[in-house]
Amino acid sequence: MAKSKTKRAKPKKHHAAVEPMLEFGNRWDYSPAPESTPVPLKKRYSLYIGGKFVAAKSGRVFRSVNPATGRKLTDIAAGDREDVDLAVKAARKALTGPWGKMPAAERGKLIYRIARMVQERSRELAILETMDGGKPIKESRDVDLPLVAAHFFYHAGWADKLEYAFPGKKPQPIGVCGQVIPWNFPLMMAAWKLAPALACGNTVVLKPAETTSVTALHLAEIIADAGLPDGVVNIVTGKGSTGAAVVQHPGVDKVAFTGSTRVGKQIAAATAASSKRLTLELGGKAANILFDDAPLDQAIEGIINGIYFNQGHVCCAGSRLLVQESVYEQVIHKLSDRIKTLRVGDPLDKNTDIGAINSKAQLTRISELVDSGVAEGAQLHQSGCKLPGEGYWFKPSFFTGVTASHRIAREEIFGPVLSVMTFRTPGEAIERANNTCYGLSAGVWTDKGSKIFKIAAELKAGVIWANTYNKFDPASPFGGYKESGFGREGGLQGLASYVDIS
Ligand code: TAP
């Protein structure tokens with residue numbers, strides 16, 4: 001560590017030119033540590049269909065922007081209905097051809113190979129993820145990429161053991177899976193979708209999010225290099241209409257969607273009159289419940305991780321904090337102190353805690369919801385950090401004086417903004433936590449194991465963390481209640497969504 005007076009080195013040229021920017025007053029600051037490994041970013045990316053990288057039939061491309069600078073990063077092929085049709089046909093051919101005939105153990109070996117190749121290339125993939133999506137390099141390097149590899153490793157192991165997973169059944173692949181994913185964990189969401197589908201012998205047409213398609217196309221290279229037969233995995237980049245074309249294609253047997261509840265509802269309606277299987281992983285408004293007997297300093301770290309981690313672009317972010325009244329003042333004091341120390345800035349700097357907001361549209365949405373909180377009478381507290389002059393940024397923030405009827409207590413903000421409320425009794429905490437249309441995740445902070453079990457049993461959330469937050473494991477099922485969706489990803493329950501055991 002060096003004192004903040006130290007002259008800062010300029011970041012290397014090929015990375016985001018964002019000034020390191022937190023003002024700490026008399027505090028100690030870190031010297032800049034920008035990631036400098038060169039990455040194979042291409043000027044133009046193609047679709048991956050039938051084992052080949054091809055331009056969109058229309059010849060159109062769209063721009064992918066580096067959110068830390070607001071400047072163009074690369075051009076990406078804009079696939080449409082015609083490209084989706086070719087991808088579905090390629091997936092069908094692979095299903096009835098080499099992939100369908102391949103012994104399960106061989107299939108497993110190929111998935112293991114993908115996992116190992118992801119590990120080998122994890123540095124470059126992490127940098128590309130950060131440049132394209134804006135998340136801090138320490139998140140993409142230390143959280144996303146290890147989880148991507150872990151998902152492929154875990155599911156590779158299941159490929160030839162499906163009969164043990166579903167005893168007494170003869171599990172068969174469902175067929176061609178149409179998978180549509182969001183921008184907050186681009187490669188991780190691709191792994192969550194692809195790994196179980198492949199392990200169960202399906203073929204796939206994947207549509208990444210428009211703002212973060214780059215790493216899925218690098219994963220396509222890995223899949224090709226790993227030797228998967230042509231057409232087993234097809235990646236069609238494009239806009240929302242491209243996702244709709246995947247979902248609506250009559251040749252798709254199963255749809256797996258992760259994204260907003262709004263689009264999830266449209267997809268549920270679009271598939272309702274068909275025989276397509278459907279799983280939906282949607283939005284959330286998780287409550288972190290903090291009891292007065294919890295170790296407060298540890299809890300504050302977990303709460304910070306739960307909401308500011310990845311700029312709050314996390315479906316399961318602990319965006320509502322319910323604090324027991326007796327420790328409210330103490331908690332607010334500690335929270336204010338801690339957010340002042342969060343480093344916001346160049347996502348490629350290894351010391352950055354909070355990177356760039358993924359897109360201008362998302363920044364507008366966060367700002368609009370925060371303005372609504374102020375207009376409805378809640379008190380806004382923000383870090384005093386200085387934001388970079390270009391790109392999309394939002395200061396780590398929290399609201400006090402929030403009531404259950406405020407929009408900031410009800411709607412998913414999907415940014416680094418926490419809404420703090422209080423409770424007196426465990427019963428009131430449960431009632432407040434469940435008072436939402438969502439049910440993806442929740443957190444409980446207390447010294448008492450018995451209280452954890454009692455509260456967890458009554459919370460209507462798919463994942464509940466106790467004295468920790470945002471811990472993921474491919475062996476643990478993940479998914480929601482209510483408007484957070486249905487179906488699970490990960491574990492045995494996740495496999496069940498990709499096999500026919502009728
Ligand atoms: P959405 O706007 O719903 O987009 C998700 C994906 O769907 C994108 O690839 C999008 O393409 C595509 N899409 C848009 N309209 C479509 C349509 N009519 N039919 C088919 N596909 C369509 O969500 P987002 O803003 O990218 O992601 C944030 C949301 O995802 C949040 O609500 C978050 O909670 C949720 N999320 C949930 C989970 C889990 S596991 N529950 C995990 C991560 C994120 P474009 O990118 O081109 O618009």
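We count ligands from 1, going down the list as the structure has it; atoms in each ligand are counted the same way.
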**Request:** State whether Glu483 and Lys265 are salt-bridged, where the test is any N-O pair (Lys NZ or Arg NE/NH1/NH2 against Asp/Glu carboxylate O) under 4.0 Å.
**Result:** yes
**Qualifying residue for salt bridge (charged side-chain N to carboxylate O under 4.0 Å, His left out) with Glu35, from Arg141, Lys138, Arg123** = Arg123
**Request:** Return the option from Gly283, Pro186, Gly259, Ser213 holding the heavy atom at the smallest distance from atom 30 (O) of ligand 1.
**Result:** Gly259
**Message:** Can a side-chain donor-acceptor contact be found between Asp132 and Thr212 if the only test is distance below 3.5 angstrom?
**Reply:** no
**Message:** Looking only at protein heavy atoms, which one is nearest to atom 41 (N) of ligand 1, and what is the separation?
**Reply:** Leu282 O, 2.7 Å
**Fill in**
One finds that the ligand 1 atoms under 4.0 Å from a non-hydrogen atom of Asn184 are 43 (C), 44 (C)
**Request:** Specify side chain, backbone, both or neither for Ile181, according to which of its non-hydrogen atoms lie closer than 4.0 Å to ligand 1.
**Result:** backbone
**Request:** Tell me, please: is Pro208 in heavy-atom contact with ligand 1, that is, under 4.0 Å?
**Result:** yes
**Asked** Between the side chain of Lys193 and the main-chain N/O of Cys177, is any donor-acceptor distance below 3.5 Å?
**Response** no
**Trp465 and Asn470 side chains, donor-acceptor separation under 3.5 Å** = no
**Fill in**
At under 4.0 Å between heavy atoms, what of Thr242 touches ligand 1? The answer is neither
**Asked** For the rings on Trp183 and Phe414, is their centre-to-centre separation under 6.0 Å?
**Response** yes
**Message:** Assess, by modelled atom type and distance only, whether the side chains of Ser64 and Lys72 contain a donor and an acceptor separated by less than 3.5 Å.
**Reply:** no
**Per-atom contacts of ligand 1 with Lys239, taking only distances under 4.0 Å to non-hydrogen atoms** = 47 (O)
**Message:** Protein non-hydrogen atoms only, distance under 4.0 Å: does atom 27 (O) of ligand 1 have such a neighbour?
**Reply:** yes
**Message:** For atom 13 (N) of ligand 1, what is the closest protein heavy atom, and at what distance to 0.1 Å?
**Reply:** Gly240 CA, 3.7 Å
**Fill in**
One should read off an interatomic distance between Ile339 CD1 and Ile303 CD1, to the nearest 0.5 angstrom, of 13.0 Å
**Request:** Return the residue, atom name and 0.1 Å-rounded distance of the protein heavy atom closest to atom 46 (O) of ligand 1.
**Result:** Glu210 N, 2.9 Å
**Asked** So which protein heavy atom does atom 16 (C) of ligand 1 come closest to, and at what separation?
**Response** Val263 CG1, 3.4 Å
**Request:** For Phe257, counting its heavy atoms only, list the atoms of ligand 1 lying under 4.0 Å from any of them.
**Result:** 3 (O), 5 (C), 6 (C), 7 (O)
**Asked** Strictly under 6.0 Å, is that where the ring centroids of Trp192 and Phe185 end up?
**Response** no
**Message:** Can you check which of Ala361, Ser241, Cys315, Gly462 brings a heavy atom nearest to atom 39 (C) of ligand 1?
**Reply:** Cys315
**Prompt:** Tell me, which protein residue and heavy-atom name are nearest atom 24 (P) of ligand 1, and how many Å apart are they?
**Reply:** Trp183 NE1, 3.4 Å
**Asked** What atoms in ligand 1 come closer than 4.0 Å to a heavy atom of Ala209?
**Response** 9 (O), 46 (O)
**Asked** So, is the end of the Lys254 side chain (NZ or CZ) under 6.0 Å from the ring centre of Tyr498 and within 45° of the ring's axis?
**Response** yes
**Asked** Which of the atoms of ligand 1 are close to Val180, meaning less than 4.0 Å from one of its heavy atoms?
**Response** 6 (C), 7 (O), 9 (O), 12 (C), 21 (N)
**Prompt:** Any Lys/Arg nitrogen of Glu139 or Lys135 sitting under 4.0 Å from an Asp/Glu carboxylate oxygen of the other?
**Reply:** no
**Protein contact to atom 1 (P) of ligand 1 [nearest heavy atom, distance to 0.1 Å]** = Ser260 OG, 3.5 Å
**Item:** Pair Tyr45 + His218: ring centers closer than 6.0 Å
**Value:** yes
**Residue Ala244 vicinity, atoms of ligand 1 by number, heavy atom under 4.0 Å** = 19 (N), 20 (C), 21 (N)
**Prompt:** Looking at Gly238, which atoms of ligand 1 are within less than 4.0 Å of one of its heavy atoms?
**Reply:** 47 (O)
**Prompt:** Hey, which atoms in ligand 1 end up nearer than 4.0 Å to a heavy atom of Phe478?
**Reply:** 40 (S)
**Message:** Heavy atoms only: which of His313, Gln362, Gln248, Lys207 lies closest to atom 11 (O) of ligand 1?
**Reply:** Lys207
**Request:** Look at Asp225 together with Arg121 and state whether they make a salt bridge at an N to O cut-off of under 4.0 Å.
**Result:** yes
**Request:** Among all protein heavy atoms, pick out the one at the shortest distance from atom 32 (O) of ligand 1; state its residue, atom name and that distance to 0.1 Å.
**Result:** Glu412 OE1, 2.6 Å
**Item:** Sidechain N-carboxylate O distance under 4.0 Å for Asp85, Lys89
**Value:** yes
**Location of contacts on Gln266 toward ligand 1, heavy atoms closer than 4.0 Å** = side chain
